[in-house]
Every structure is written in structure tokens, then in C-alpha cells.
K.L.:
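Shown below is the structure under consideration.
What you see below is based on every heavy atom in this structure, not just the backbone, and it leaves out hydrogens, waters and symmetry mates. The sequence lines fix the lettering, A, B, ..., with proteins before strands; numbering per chain opens at 1. In this text the structure is predicted, and so the values were computed from the model without any measurement.
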Amino acid sequence: MPELPEVETLRLDLCRTLIGRRILHADLTKPRMLVDPYGLGLLSVEGRTIERLRRRAKMLVFDLSGGLSMVVHLKLAGQLSHRKGDHVLAKGGHPVPPFDAPLPHKSTHGRFDLDDGSVLWLTDIRQFGRVTVVPTDLVDDLMAEKKLGVEPFGPEFTVDYLAQRLRRHKALALKTFLLDQSGIVGLGNIYADEALFEAKLHPLRPAGSLTAGEIARLHRSVVDVLRYAIENGVADLPYARVRPGADYPRAHGRADMPCLTCGTTIERIKVGARSTDFCPSCQPAPARPPRTG
DNA sequence: AACTACTCCTGGAGGC
DNA sequence: TGCCTCCAGGAGTAGT
């Protein structure tokens, strides 16, 4: 569930409290959650100071002293909480367990003890999250291997770039296109639906069927939806449903509820095995549905 | 090369 | 209450 806005707001929060802290002890109780292509081991982060906290796509990069970095991907259900005793200093990611729940939770699988007595907890009810230790000068290589696309807030994400990618994958459903991290990074299931709702484009529209105006609209919607989430609060959907009475998110999690724009009942369909919510009135169906993979 | 299906994992929800 | 089944979703990988 943590998508770009969740990871970015978490990064900003942790930057306030973690920079300059030294890691005394590190522990991951689920060995599968450590990916260690360089054979450095998790303990190699001990004794190092957190100097910088970056984000690339949906990943957090902790740059430590001595040229070592730790990359954290929260995947579907990862959560980080920086606490001193019971006091929450900073937190973010998947909202289950609740951010004010006592830690460690039974799904807490990682802990980093810091030099001021605070602890950075990694909790993940799905255990899909991953931690990688990598020399700082090889972080870019590691990212390059993943064939990540452009950052939506970066200078490379232009209307022309989007148009070019859409042409290249012209048969793909828009929803599938937006989830593909090799084009634009950062969108997940929630914000892909939000961007399509905002752009008034049906999730099954073939990527190659968009007019120039629609491409420009989609481009702006992607940026606006992500920026809105960062500035006004992330989606925070615990079980893929909006909280009763909430007016956000505007499409995802609202199946069977009235569209906030026109009142039409929001529909839920599967697009490439991902639940996809949209307004059949605001987002008119394509004449001929594409493949959905 | 481009696309699709499958896999990892477990807690919560809903049915009976 | 308790058992059972289904569902959620990022991304790596294997197969078409």
C-alpha cells in the first residue's frame, strides 16, 4: 500500500528525527526480509550514523556514515515507526497495525536501536517488505538494475515523455500502464485509480487511444494527485475501503458508493488482477476494451 | 521484446 | 463463537 506519497511523507517525517542518529544495534527476525546481494550483512550498519534519507520510486535510502547505505522497500504492508519509549517521534507506511499501537507488535520484524535510546521499528503484517545493505556508491547501480522509470516530480516527466510511453505500449489498459514502474515510478493501485478519475479516463482505455488533450490531462492528473496526497494527507486505506464519511480518496475504495462528482455508483472491476474503482459516468468506457494484463 | 500469470504472506471480513 | 474462504497488493520471475 505505501505508494510514492506515503513513502515521501514518511521520509520527510523521519528526516526530522533520524538524521545524525547512530545505529547501535540492528535486528531483522525474518531472514527473508533481508536482501543482501553484496554479502555485507545487516550488522554492517551498526555503529554508523544516519547522514541522509533519500527516496527513489517507492524506496527509502538511508545513507550511513562510512559509505554504506540501507535501502528499505515497504512493499504492500510495511510500516516504520520511530519511537522513544511509547512516544511516537515519526511514522508512516501501512496503517495496520494502528500507528499508536504498542510496539513491538506480533508483526514487528525489524528494530534499529539508536544512540539516544530511541528505536526505529519495522512492522509488516505481510512480510513482503525488504531491506538491502549496499555500498553508497553502488546505490545508483542497484536502482538501474531495477529498470525504474522517471520520477513524476522530476524534469524528465514531461507530456512528451508520457505520450512516447503511451505510444510504445499502445495496447495496454491505462490502469496497467500506470502501474508499470518502468515508465513512471511511484503510482500504486490507489493513486493510479485516483489519477484516472481525476483525468476522467476509463481504466480500460488502450494507452494508444488517447488524444493529445487527454495525454496532457493525464500528465497533470498524475502530478496533481501525488502532490495533493503529499501536501494534504495520504490515502491511508487500511482495507482498500474509504472510511465512512471520508471524501478522500475520490475513487479508489469507493465501490458501490456514489461518485463525489456526479452521484453515479462507483464500479469495481479487475484490471490485471488489481481491483480498480472508477466512475462509469465521469470515465466513459472505450469502444473496444484492450487487454488488461 | 512485450506481455501475462503466478508467487510471496497473513490479518481482517464475511458467510454459515 | 469458530471455522472456512476470500481478498488485499508491489514487484520479481517464469512462461507465452
K.L.:
Looking at the side chain of A:R274, which of C:dA8, B:dC9, C:dA11 is the nearest nucleotide?
P.N.:
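Nearest listed nucleotide: C:dA11.
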K.L.:
Just verifying a value: how many Å separate A:L42 CG and A:F112 CZ, rounded to the nearest 0.5 Å?
P.N.:
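Here the rounded value is 5.0 Å.
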K.L.:
Looking at A:R268, does any N or O in its side chain come under 4.0 Å of the phosphate oxygens OP1/OP2 on C:dA8?
P.N.:
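Yes, such a contact exists.
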K.L.:
Is any side-chain N or O of A:R126 under 3.5 Å from a base N or O of C:dA8, one able to act as donor and the other as acceptor?
P.N.:
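Checked by distance alone, the answer is yes.
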K.L.:
May I ask you to evaluate whether A:H252 reaches the phosphate of C:dG9, defined as a side-chain N or O under 4.0 Å from OP1 or OP2?
P.N.:
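So the side chain of A:H252 is within the cut-off, an N or O lying under 4.0 Å from OP1 or OP2 of C:dG9.
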K.L.:
Take atom CG in A:D247; do more than 12 heavy atoms of anything else shown fall under 6.0 Å from it?
P.N.:
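Result for CG/A:D247: open.
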K.L.:
Is A:R205 paired with A:E214 through a side-chain N to carboxylate O contact shorter than 4.0 Å?
P.N.:
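Salt bridge present between A:E214 and A:R205.
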K.L.:
Considering only C:dA8, B:dT4, C:dA11, which nucleotide approaches the side chain of A:L172 most closely?
P.N.:
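Selected nucleotide: B:dT4.
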K.L.:
B:dC3 P sits how many Å from A:K170 NZ, rounded?
P.N.:
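Interatomic distance, NZ of A:K170 to P of B:dC3: 10 Å.
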K.L.:
Does B:dA2 have its OP1 or OP2 closer than 4.0 Å to a side-chain nitrogen or oxygen of A:H169?
P.N.:
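For B:dA2, neither OP1 nor OP2 has a side-chain N or O of A:H169 closer than 4.0 Å.
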K.L.:
Taking atom P of B:dT10 as reference, at what distance in whole Å does atom NE2 of A:H105 sit?
P.N.:
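Taking atom P of B:dT10 as the reference, NE2 of A:H105 is at 13 Å.
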K.L.:
Is the phosphate of C:dG9, meaning OP1 or OP2, less than 4.0 Å from a side-chain N or O of A:S275?
P.N.:
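Yes.
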K.L.:
Does this structure show an ion pair linking A:K58 with A:E6, if we count only N-O contacts that are shorter than 4.0 Å?
P.N.:
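No.
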K.L.:
If you look at every heavy atom in A:V223 and A:P152, which pair is closest and at what distance?
P.N.:
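Answer, listing the atom of A:V223 first, then A:P152: CG2-O, 3.7 Å.
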K.L.:
Return the value, rounded to whole Å, for the distance between atom CG of A:L148 and atom P of C:dG10.
P.N.:
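Those two atoms, CG and P, are 15 Å apart.
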K.L.:
Which whole-number value in Å describes the distance from A:I269 CD1 to C:dG9 P?
P.N.:
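Rounded to whole Å, this separation is 14 Å.
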K.L.:
What's the CD-P distance between A:E145 and C:dT13, to the nearest Å?
P.N.:
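Whole-Å distance recorded here is 10 Å.
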K.L.:
Can you measure from CH2 (A:W121) to NE2 (A:H82) and round to the nearest 0.5 angstrom?
P.N.:
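Here the rounded value is 11.5 Å.
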K.L.:
Hey, is the side chain of A:K270 poking within less than 4.0 Å of OP1 or OP2 on C:dC6, counting only N and O atoms?
P.N.:
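No, A:K270 has no side-chain N/O under 4.0 Å of OP1/OP2 on C:dC6.
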K.L.:
Tell me: CG of A:L74 to C1' of C:dG10, nearest whole Å?
P.N.:
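My rounded result for the distance is 11 Å.
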K.L.:
With the side chain of A:K146 defined as its heavy atoms from C-beta on, choose the nearest nucleotide among B:dC3, C:dG12, C:dG10.
P.N.:
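So the side chain of A:K146 is nearest to C:dG12.
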K.L.:
Measure the distance from CZ on A:R130 to P on C:dG10 and round it to the nearest whole Å.
P.N.:
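The distance from CZ of A:R130 to P of C:dG10 comes to 15 Å, rounded to the nearest Å.
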K.L.:
Output the distance between atom CG (A:L53) and atom CG (A:D63), rounded to the nearest 0.5 Å.
P.N.:
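Between A:L53 CG and A:D63 CG, I get 8.5 Å after rounding to 0.5 Å.
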K.L.:
State which of B:dG11, C:dG10, B:dT4 makes the closest approach to the side chain of A:S107.
P.N.:
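Comparing B:dG11, C:dG10, B:dT4 against the side chain of A:S107, the answer is B:dG11.
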K.L.:
Nearest 0.5 angstrom please: A:Q181 CD to A:K147 NZ, how far?
P.N.:
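Those atoms lie 15.0 Å apart.
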K.L.:
Looking at A:G20 and A:D115, what are the two nearest heavy atoms and their distance?
P.N.:
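That would be O-OD2, 4.4 Å.
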K.L.:
Kindly point out which of C:dA11, B:dC9, C:dG10 is positioned nearest to the side chain of A:N189?
P.N.:
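Per side-chain heavy atoms of A:N189, the pick is C:dG10.
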K.L.:
Rounded to the nearest 0.5 Å, what separation is found between the CG atom of A:L89 and the CZ atom of A:R21?
P.N.:
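Answer for the CG-CZ pair, A:L89 versus A:R21, is 10.0 Å.
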K.L.:
Using a cut-off of strictly less than 4.0 Å between a heavy atom of the residue and any atom of DNA chain C, enumerate the qualifying residues of residues 26-40 of chain A by number.
P.N.:
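Those residues whose heavy atoms fall under 4.0 Å from DNA chain C, taken from residues 26-40 of chain A, amount to none.
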K.L.:
How close or far is atom C1' of C:dG12 from atom NZ of A:K58, stated in whole angstroms?
P.N.:
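Atom NZ in A:K58 sits about 13 Å away from atom C1' in C:dG12.
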K.L.:
Where along residues 3-14 of chain A does a heavy atom come under 4.0 Å from DNA chain C, residue by residue in number order?
P.N.:
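Nucleic-acid contacts, sorted: A:E3.
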K.L.:
Has A:E46 got a side-chain atom pairing as donor or acceptor with A:I23's backbone, closer than 3.5 angstrom?
P.N.:
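No; judged by distance alone, with no hydrogens or angles, the pair does not exist.
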K.L.:
Which listed nucleotide (B:dG11, C:dA8, B:dT10) is nearest to the side chain of A:K106?
P.N.:
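Nearest nucleotide to the side chain: B:dG11.
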K.L.:
Looking only at side-chain atoms of A:K75, point me to the closest of B:dG11, C:dG10, C:dA8.
P.N.:
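Closest nucleotide to the A:K75 side chain: C:dG10.
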